[in-house]
Number of protein chains: 2
Amino acid sequence: MSNSESLQMNRKSPVPVDQCGAALATEIISDRWSMLILREAFYRVGRFDDIQSEIGIPRSVLTDRLKKLVSNGILTREPYREAGSRTRTAYLLSQKGRELGLVLLALMQWGDRHLRDGETGLSVTHKETGQALVVGLVPASEPKIGFDEVTLTPTSSAP
Amino acid sequence: MSNSESLQMNRKSPVPVDQCGAALATEIISDRWSMLILREAFYRVGRFDDIQSEIGIPRSVLTDRLKKLVSNGILTREPYREAGSRTRTAYLLSQKGRELGLVLLALMQWGDRHLRDGETGLSVTHKETGQALVVGLVPASEPKIGFDEVTLTPTSSAP
DNA sequence: TAGGCTAAGTTCGAATGTCAAACTCAGAAT
DNA sequence: ATTCTGAGTTTGACATTCGAACTTAGCCTA
């Protein structure tokens with residue numbers, strides 16, 4: 001059934017590994033947990049115990065990953081206080097971290113399509129126009145739609 | 001300097017981890033090596049020894065990751081023969097694998113911006129219009145630009 | 001002011017995974 | 001018949017991950 005579709009092979013890539021942003025990025029965020037921690041951060045789940053129990057990461061590993069993400073400027077560690085309760089620690093996305101949103105969304109889009117049989121868990125809507133949005137290739141000249149111009153709506157079952 | 005920008009915290013995410021495509025996807029591709037292997041696959045570097053020496057992965061680990069990627073339908077393992085030489089084995093992207101291209105590009109875009117001081121290693125051009133393309137949010141209603149409508153050009157130094 | 005409760009980590013030994021280097025093995029090429 | 005090559009295996013040292021229990025500081029309440 002499958003015959004040789006793609007005959008031409010290359011012996012090396014045109015862009016050396018150490019000059020590729022993707023390759024450098026994997027060193028920071030491509031382990032079993034970092035992306036999941038960032039997922040929580042995007043949803044503003046920023047407390048140690050909450051992150052830990054949602055994704056099921058060992059506490060010692062979470063400590064380590066948070067340190068790594070903070071030291072890479074992706075998260076910040078900040079004290080915060082809710083109305084009339086004690087001061088706590090929160091891990092928040094920095095601007096640099098926020099810009100990983102596209103990666104996370106692209107991953108979600110792929111995962112929903114190929115691993116969940118097309119079921120989307122979250123829909124992204126343009127506030128201004130009400131249009132549904134997806135991650136795709138866009139002319140660099142067009143105005144970028146930022147995450148602050150967008151509404152996220154969980155699609156299916158309750159939290 | 002940094003005061004509490006974002007006061008409202010959530011105790012849990014609106015989309016449970018096991019219903020999130022991104023979370024499922026990380027189980028397959030979020031280890032130190034899989035994304036790098038896919039990077040090679042996108043550049044059609046498909047031979048065992050070539051992948052191994054480009055990214056520096058231990059051979060035993062490469063064996064394991066290739067099996068995993070094949071069993072998840074992201075790569076296919078196929079015999080191929082170049083003009084007048086012996087039959088070899090090549091690892092090629094499946095359609096499912098090809099659709100990870102957006103994730104890889106989004107990661108590259110982020111990495112180039114934040115880890116390489118804005119130096120881009122690769123530029124993406126729309127064949128039809130000649131326009132430079134980036135990964136971004138697009139209305140779902142607009143026609144998608146596929147990877148077959150696009151030219152990839154290494155930006156800087158030779159392979 | 002003592003005692004409890006939380007949140008945010010540490011510590012620890014066992015299980016698992018990664019590493020580099022050397023080895024295997026089948027099919028061409030000499 | 002021997003060498004070469006591509007695609008893996010094997011191995012034993014080293015590193016990371018796991019989960020369960022422990023620590024520590026600050027508040028809260030009595």
Side-chain angles (χ1 to χ4, degrees), chain A residues 4 7-12 17 23 26-37 40-41 44-72 75-92, chain B residues 4 7-12 17 23 26-37 40-41 44-72 75-92:
Chain A
S4 51
L7 318 94
Q8 174 244 22
M9 277 296 128
N10 299 323
R11 307 298 311 273
K12 44 173 26 194
V17 177
T26 60
E27 277 168 30
I28 303 180
I29 54 164
S30 256
D31 59 89
R32 188 196 240 65
W33 297 111
S34 294
M35 267 302 189
L36 292 179
I37 294 169
E40 299 305 309
R44 276 197 238 73
V45 177
R47 282 161 58 170
F48 191 95
D49 283 3
D50 292 344
I51 300 171
Q52 193 278 317
S53 62
E54 267 234 339
I55 69 181
I57 184 177
R59 308 180 127 261
S60 49
V61 177
L62 179 53
T63 300
D64 187 76
R65 291 305 176 274
L66 287 172
K67 273 184 191 148
K68 200 164 169 180
L69 291 168
V70 168
S71 78
N72 280 291
L75 296 180
T76 61
R77 181 184 187 281
E78 318 210 6
Y80 84 111
R81 119 173 307 126
E82 266 165 8
S85 36
R86 76 150 104 172
T87 300
R88 304 183 210 280
T89 303
Y91 291 90
L92 302 174
Chain B
S4 51
L7 318 93
Q8 174 243 24
M9 278 293 129
N10 299 323
R11 307 298 311 270
K12 43 174 24 194
V17 176
T26 60
E27 277 169 30
I28 303 180
I29 54 164
S30 255
D31 58 89
R32 190 199 231 61
W33 297 111
S34 294
M35 267 302 189
L36 292 179
I37 295 169
E40 299 305 308
R44 276 196 237 72
V45 176
R47 282 162 57 171
F48 190 95
D49 283 3
D50 292 344
I51 299 171
Q52 193 279 317
S53 62
E54 267 234 338
I55 69 181
I57 184 177
R59 305 172 76 75
S60 49
V61 178
L62 180 54
T63 300
D64 186 78
R65 292 304 178 277
L66 287 172
K67 273 184 191 147
K68 198 164 169 181
L69 291 169
V70 168
S71 78
N72 280 292
L75 297 180
T76 61
R77 180 184 187 279
E78 317 210 5
Y80 85 109
R81 116 174 308 126
E82 266 164 10
S85 37
R86 77 150 103 173
T87 300
R88 302 183 212 280
T89 304
Y91 291 89
L92 302 175

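In the text below, chain A, chain B and the rest are named by the order of the sequence lines, each starting its count at 1. The structure presented is a predicted model; accordingly, all values stated were derived computationally and were not measured.
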Fill in the blank from the handout: When rounded to whole Å, the CZ to P distance for the pair A:R47 and C:dT6 reads 11 Å
Exercise for the section: Using a 4.0 Å heavy-atom cut-off across all strands, classify A:T89 as base, sugar-phosphate, or nothing. Expected result: sugar-phosphate
Practice task
Determine the contact category for B:R81: base if any of its heavy atoms lies under 4.0 Å from a base atom, sugar-phosphate if only primed atoms, P, OP1 or OP2 are that close, otherwise nothing.
Solution key: nothing
Problem - Net bend of the helix from C:dT1-D:dA30 to C:dT30-D:dA1, end axes of five pairs each, nearest 10 degrees - result: 10°
Exercise for the section: Using the side chain to side chain contact (heavy atoms under 4.5 Å, CB included) rule, take A:E54 and A:L36 through it: C-alpha gap first, then chi angles, then the decisive distance, then the call. Expected result: CA-CA 10 Å; A:E54 267 234 339; A:L36 292 179; over 6 Å; no
Practice task
Kindly compute the distance separating CZ (A:R65) from CG (A:L62), expressed to the nearest 0.5 Å.
Solution key: 9.5 Å
Practice task
Counting heavy atoms from C-beta on, name the nucleotide in C:dC19, C:dA8, C:dT6 closest to the side chain of A:F48.
Solution key: C:dA8
Exercise for the section: Rounded to the nearest 0.5 Å, what's the gap from CD on B:E82 to OG1 on B:T87? Could you check? Expected result: 11.0 Å
Fill in the blank from the handout: Value for CG (B:D31) from NZ (B:K68), rounded to nearest 0.5 Å, stands at 5.5 Å
Problem - Expected output: side-chain A:R47 to main-chain A:I51 donor-acceptor under 3.5 Å - result: no
Handout entry: A:L69 and A:I37: CA distance, side-chain angles, deciding distance, side chain to side chain contact (heavy atoms under 4.5 Å, CB included) verdict
Key = CA-CA 9 Å; A:L69 291 168; A:I37 294 169; 3.9 Å; yes
Exercise for the section: Could you check A:G84 against B:R77 and say which one's nearest nucleotide on DNA chain D is further toward the 5' end? Expected result: B:R77
Problem - Between C:dC19 (C1') and B:W33 (CH2): distance, integer Å - result: 10 Å
Handout entry: Boundaries of the chain B footprint along DNA chain D (any atom under 4.0 Å from a heavy atom)
Key = D:dT5 to D:dT10
Practice task
State the CD-CD distance between B:Q52 and B:E40, to the nearest 0.5 angstrom.
Solution key: 11.0 Å
Exercise for the section: Measure across A:P58 and A:W33 and return the closest heavy-atom pair with its distance rounded to 0.1 Å. Expected result: CD-CZ2, 4.0 Å
Exercise for the section: Report the C-alpha separation of B:T89 and B:F48 in whole Å, then their side-chain angles, then the decisive distance to 0.1 Å, and conclude whether the side chain to side chain contact (heavy atoms under 4.5 Å, CB included) test is met. Expected result: CA-CA 8 Å; B:T89 304; B:F48 190 95; over 6 Å; no
Exercise for the section: Mind calculating the distance between CD (A:Q52) and C1' (C:dT6) to the nearest angstrom? Expected result: 15 Å
Fill in the blank from the handout: All heavy atoms of B:S34 vs all of B:I29, minimum pair found to be CB-O, 3.7 Å
Problem - Closest-nucleotide 5' rank along DNA chain D - winner of A:D64 and B:D49 - result: B:D49
Problem - Atom of B:R11, atom of A:V45 and distance for their closest heavy-atom approach - result: O-CG1, 4.1 Å
Exercise for the section: Could you state the atom-to-atom distance from CZ of A:R88 to P of C:dC5 in whole Å? Expected result: 16 Å
Fill in the blank from the handout: Taken to the nearest whole Å, OH/A:Y80 to C1'/C:dT6 is 12 Å
Practice task
Consider only side-chain N and O atoms of B:R32 and A:S30, and report whether a donor and an acceptor are under 3.5 Å apart.
Solution key: no
Pull out every protein N or O sitting under 3.5 Å from an N or O of nucleotides 11-17 of chain C, one pair per line with the distance.
none

Completion exercise
Atom CE of B:M9 and atom P of C:dA7 are separated, to the nearest Å, by 14 Å
Exercise for the section: Measure the distance from NZ on A:K67 to P on C:dA8 and round it to the nearest whole Å. Expected result: 15 Å
